Amino acid sequence: MLLAHRKRRPVEVTGLRTPTAQVWAQPDGTLQSRVHVSPVRMLDAANRWVDIDLTLERRADGSVVPKAHPRGLSLSGGHDAGSDDLVVLGSGVEQVRLGWRGQLPAPVLDGETATYVDARPGVDLVVEARRTGFEYSLRVKTPQAVAELESVSMPWQAEATLTGGRVGESLTGQVPSGSVVSVSPAVMWDASPVSEQSGERPRVAEVPMALVATDSGMDLVLLPGQGFFADPAVQFPVTVDPSVDLEPGFDTFVQNTIQNTDQSGSTELKLGFSDDASAGCGGG
C-alpha cells in the first residue's frame, strides 16, 4: 500500500493471488479486488502462476489434454473395441472417469473441442474442455441414426455418490475432499435456425438421465425421448448435451418462459427481454 501511494499507481498484492482472484493496493489507501466465478489461472509444475489455456493438444502417449487445466483434464486419443476411459478429470479422491463402450476413432481437434467422428454409426461424440470440467455431446447426424440414441450408457467412476437427476435437475455429489461433483441437466436441440428476436433455439427438449448400477460398477445413462425425433419438422443434426464439473460456480437463468434450472455448465448469460411469438416475453 505504501508503494502504491509513492508510485501513484495500483500495485498487485501478489501474496493474495488465487486461481479466481487478484487484489491491488490503490494509491488512495484502499484495496481493489477482481474476482471470477471459475478459475482463470493456475500454478504449473514449477509453482508459477499461468493463465488457463483450454486449447487441446496430443501428448506423445496419444492422449489429448488442454495446454493448462487446473483439474488435469485428459481425453482419449482413440481406442479399440471394449470399455475405456473417454475423459479423466481431477486426481486422487477427486478423480472422475467417464468411459465409452466400443471403438473410438482418433479425435479431430479444434481449439477446446475434440470430435470423435462416427463414434456410433451416424453419431459424432464431441467433448469440449471447460475451466472446471468438460462438456460432452452426441450429435445425431441423420434420421437413420436415431436408433443409436434410444439409450446411451457410459461407464462412470467417482468417489462421490450422485443424487438428483429428475428431469431438469443436476446430478450432484461430494467426494471425500469436500469438492462437489456435478452433472448438469441434459438437453437436446435440433439444427433449426435460432430466433431472430431472442437468439433461442426454437426446438429444445430436456433429456432424462440417471446413475445406474451394473455388474462392473456404475453407468451414467441418458434417455433421449424418441418423441422429439418423431416431429417431421425436426432438422438434423440433433445435439444431446450434458456437462460434468468439479466445484462448478452455480449459475441459473431467471426467465418467465422457461423453467428456472441449474445452468452451471452453460457458457452463456442472458440479459434483457425478448419478444418471441412462440415463447412470449421473457427476461434474463
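Not measured: the values here are computed from a predicted model.
Side chain of Tyr116 to main chain of Val127: no donor-acceptor pair is present (N/O by atom type, distance under 3.5 Å, no hydrogens or angles). Using modelled atom types, no side-chain atom of Ser33 and backbone atom of Val35 make a donor-acceptor pair closer than 3.5 Å. Using modelled atom types, one side-chain atom of Arg131 and one backbone atom of Pro39 make a donor-acceptor pair closer than 3.5 Å. Using a distance-only test at 3.5 Å, with no hydrogens or angles considered, a donor-acceptor pair links the side chain of His69 to the main chain of Arg71. The main-chain N or O of Thr30 is never found under 3.5 Å from a side-chain atom of Gln26 such that the two would form a donor-acceptor pair. In terms of modelled atom types and a separation under 3.5 Å, the side chain of Gln226 and the main chain of Pro224 share a donor-acceptor contact.
At a threshold of 4.5 Å between non-hydrogen side-chain atoms, the residues Leu171 and Thr163 do not count as touching. Inter-residue side-chain proximity for Val244 and Trp156 is flagged as met; some heavy-atom pair is nearer than 4.5 Å. Put simply, the side chain of Trp100 reaches to within 4.5 Å of the side chain of Arg120, judged on heavy atoms. Residues Glu159 and Ser177 form no side-chain contact, since every pair of their non-hydrogen atoms from C-beta on lies 4.5 Å or further apart. Looking only at side-chain heavy atoms (C-beta outward), Asp219 and Pro155 come within less than 4.5 Å of each other. You'll find the side chain of Pro66 stays beyond 4.5 Å of the side chain of Glu112, heavy atoms only. Using a 4.5 Å heavy-atom cutoff, the side chains of Val181 and Gln174 are not in contact.
Using a 4.0 Å cut-off between charged side-chain N and carboxylate O, Arg139 and Asp241 make no salt bridge. Salt-bridge formation is detected for the pair Asp231/Arg203: a Lys NZ or Arg NE/NH1/NH2 atom is positioned less than 4.0 Å from an Asp or Glu carboxylate oxygen.
No path of Ile, Leu, Val, Met, Phe, Trp and Tyr side chains, each step under 4.5 Å between heavy atoms, connects Leu222 with Val126, placing them in separate hydrophobic clusters. Linking ILVMFWY side-chain heavy atoms closer than 4.5 Å, directly or via other members, places Val221 and Leu149 in two distinct hydrophobic clusters. A continuous path of ILVMFWY side-chain contacts below 4.5 Å connects Tyr136 to Leu73, so both sit in one hydrophobic cluster. Taken together through direct or relayed side-chain contacts under 4.5 Å among Ile, Leu, Val, Met, Phe, Trp and Tyr, Leu138 and Phe228 form part of one hydrophobic cluster.
Residues passing the side chain to side chain donor-acceptor pair (under 3.5 Å) test with Asp118, sequence neighbours excluded: Lys141.
Counted by atom type alone, Ser243 and Ser184 present one or more donor-acceptor pairs between their side chains at under 3.5 Å.
Expressed to the nearest 0.5 Å, how far OG of Ser137 lies from CH2 of Trp189 amounts to 6.5 Å. Taking CG of Leu89 as the reference point, atom CG of Asp245 lies at 8.0 Å (rounded to 0.5 Å). Expressed to the nearest 0.5 Å, how far CG of Leu223 lies from OG of Ser151 amounts to 5.0 Å. Separating the CD atom in Glu128 from the CG atom in Leu75 is a distance of 11.0 Å, to the nearest 0.5 Å.
Checking each of Val152, Thr115, Val117, Leu86 against Leu125 for a side chain to side chain contact (heavy atoms under 4.5 Å, CB included) leaves exactly one that passes, namely Leu86.
Counting heavy-atom neighbours within 6.0 Å of His36 NE2, excluding the residue itself, gives a total above 12.
Taking every heavy atom of both residues into account, Leu109 and Ala114 meet most closely at CD2-CB, 3.7 Å. In terms of heavy-atom proximity, Gly77 sits nearest to Val64 at CA-CG2, 4.3 Å.
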Below 3.5 Å, can you tabulate the donor-acceptor pairs from side chains in residues 41-61 to any protein atom, sequence neighbours excluded?
unit_1, atom_1, unit_2, atom_2, d
Arg41, NH1, Thr18, O, 2.7
Arg41, NH1, Ala21, O, 3.3
Arg41, NH2, Gln22, OE1, 2.8
Asp44, OD1, Ala46, N, 3.0
Asp44, OD1, Asn47, N, 3.1
Asp44, OD1, Arg48, N, 2.8
Asp44, OD2, Arg48, NE, 3.1
Asp44, OD2, Arg48, NH2, 3.1
Asp53, OD1, Thr55, N, 3.0
Asp53, OD1, Thr55, OG1, 2.8
Arg58, NH2, Pro107, O, 2.3
Asp61, OD1, Ser63, N, 2.9
Asp61, OD1, Ser63, OG, 2.7

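Within the structure, every pair that satisfies the salt bridge (Lys or Arg N to Asp or Glu O under 4.0 Å) test and touches residues 16-34, not counting sequence neighbours, is listed here: Glu12-Arg17.
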